[in-house]
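Input: a single structure, listed below in structure tokens.
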Amino acid sequence: MESPRDVGGETMERGERPERAEPLTDVEREIIQNTWVHIYENCEDVGVSVLIRFFVNFPSAKQYFSQFQDMDDPEEMERSVQLRHHARRVMSAINTVVENLHDPEKVSSVLALVGKAHAVKHKVEPMYFKILCGVMLEVFSEDFPEFFTAEVQMVWTKLMGAVYWHVTGAYTEVGWVQISSSAV
């Protein structure tokens, strides 16, 4: 099993949370938007690759998805209409974040909605967001090595840390108490 990349050094399972996410610079926003163009051209396939790796490497995450929780075969997952649909939703949410990097309030609002829905409605352990962010970084850098230089990877890691920070902030807002590091 691969270990997820560290995305922001969060330690929410111990109740610690930095005061705010580190803001992106203009140059960093441009780097993200320039690399995202290439990823988003194939957003559904990339999203499916991300989710398959996520579920294969962290099968406990499937417990939140009744429609494909019993799938173990990556090829079966790839053919799943429900998994493809969720992959599109995940990539669409990231697209909204990337398109609105110039508007921190919009980014915060979008990620708060995602976080609250996953905390209240789906009851997903927040640690899975950190893991998913790490899996995204791995897939992006493997599928787009020509664009994901060391500098670009560092910038995307910073963005994913901010995504995780905002999402977990929503968990805190709704009074999430089921915080555990034993989820994986």
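Computed from a predicted model, the values in this text were never measured in an experiment.
The closest side-chain heavy-atom distance from Val152 to Trp156 is below 4.5 Å. Here the side chains of Trp36 and Phe147 are not in contact, with every heavy-atom distance at 4.5 Å or above. A heavy-atom distance below 4.5 Å is found between the side chains of Leu101 and Gln33. In this structure the side chain of Phe58 never reaches within 4.5 angstrom of the side chain of Met127, judged on heavy atoms. In this structure, Lys116 and Trp176 have side chains that are not in contact, with every pair of non-hydrogen atoms separated by 4.5 Å or more. Between Phe129 and Trp165 there is no side-chain heavy-atom pair separated by less than 4.5 Å. In this structure the side chain of Met77 reaches within 4.5 angstrom of the side chain of Val56, judged on heavy atoms. Taking the side chain as every heavy atom from C-beta outward, Cys43 and Asn95 never approach each other to under 4.5 Å.
Considering only residues two or more places apart in sequence or on other chains, Gln82 meets the side chain to side chain donor-acceptor pair (under 3.5 Å) condition with Ser80. Looking at residues two or more places apart in sequence or on another chain, you find a side chain to side chain donor-acceptor pair (under 3.5 Å) between Glu22 and Lys158.
Closest of all the heavy-atom pairs between His166 and Ser108 is ND1-OG, 3.6 Å. The shortest non-hydrogen separation linking Ala112 to Ala170 is O-CB, 3.5 Å. Between Val167 and Gly115, the shortest heavy-atom distance links the atoms CG1-CA, 3.8 Å. Closest heavy-atom contact between Ser49 and Val139: CB-CG1, 4.1 Å.
Under the 6.0 Å cut-off for aromatic ring centres, Tyr64 and His122 do not qualify, their centroids lying 6.0 Å or more apart.
The backbone N or O of Lys106 sits less than 3.5 Å from a side-chain atom of Asp103, completing a donor-acceptor pair. Side-chain N or O atoms of Thr168 include none that pairs as donor or acceptor with a backbone N or O of Tyr171 at under 3.5 Å. Without hydrogens or angle criteria, Gln63 side chain to Ser60 main chain gives a donor-acceptor distance under 3.5 Å. The main-chain N or O of Thr25 is found under 3.5 Å from a side-chain atom of Glu28 such that the two form a donor-acceptor pair.
Taking a 6.0 Å sphere around CD of Glu105, one finds it holds 12 or fewer heavy atoms contributed by other residues, nucleotides or ligands.
Put simply, OH on Tyr164 and CG on Leu132 are 12.0 Å apart, with the number rounded to the nearest 0.5 Å. Between the CE atom in Met160 and the CD1 atom in Ile32 there is a gap of 8.5 Å [rounded to 0.5 Å]. Between the CD atom in Glu138 and the CZ atom in Phe148 there is a gap of 12.0 Å [rounded to 0.5 Å]. Atom-to-atom distance recorded for Leu83:CG and Met71:CE is 7.5 Å, nearest 0.5 angstrom. How far CE of Met136 is from CZ of Phe54: 9.5 Å, rounded to the nearest 0.5 Å. Rounding to the nearest 0.5 Å gives a distance of 9.5 Å between CD1 of Ile31 and CE of Met154.
Residue pairs meeting the salt bridge (charged side-chain N to carboxylate O under 4.0 Å, His left out) criterion with at least one partner in residues 83-102, sequence neighbours excluded, are Glu44-Arg84, Glu44-Arg88, Asp45-Arg84. Sorted by first and then second residue, the pairs that involve residues 65-76 and meet side chain to side chain donor-acceptor pair (under 3.5 Å), not counting sequence neighbours, are Lys62-Asp72. Residue pairs that meet the ring pair (Phe, Tyr, Trp, His ring centres under 6.0 Å) test with at least one member in residues 81-110, sequence neighbours left out, are Phe65-His86.
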Check against side-chain contact (heavy atoms from CB on, under 4.5 Å), Gln153 and Leu137: CA-CA 7 Å; Gln153 288 180 39; Leu137 292 171; over 6 Å; no
Stepwise side-chain contact (heavy atoms from CB on, under 4.5 Å) check, Val50 with Val90: CA-CA 10 Å; Val50 166; Val90 169; 5.8 Å; no
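The hydrophobic cluster containing Val174 also includes Val120, under a criterion of side-chain heavy atoms closer than 4.5 Å among ILVMFWY residues, counted directly or through chains of members.
In this structure, Ile39 is not a member of the same hydrophobic cluster as Val37, with clusters built from ILVMFWY side-chain heavy atoms closer than 4.5 Å. Transitive grouping of hydrophobic side chains (ILVMFWY, heavy atoms separated by less than 4.5 Å) keeps Phe55 and Val81 in distinct clusters.
Ionic pairing of Lys130 and Glu125 is not present here: no N-O contact between side-chain nitrogen and carboxylate oxygen is shorter than 4.0 angstrom.
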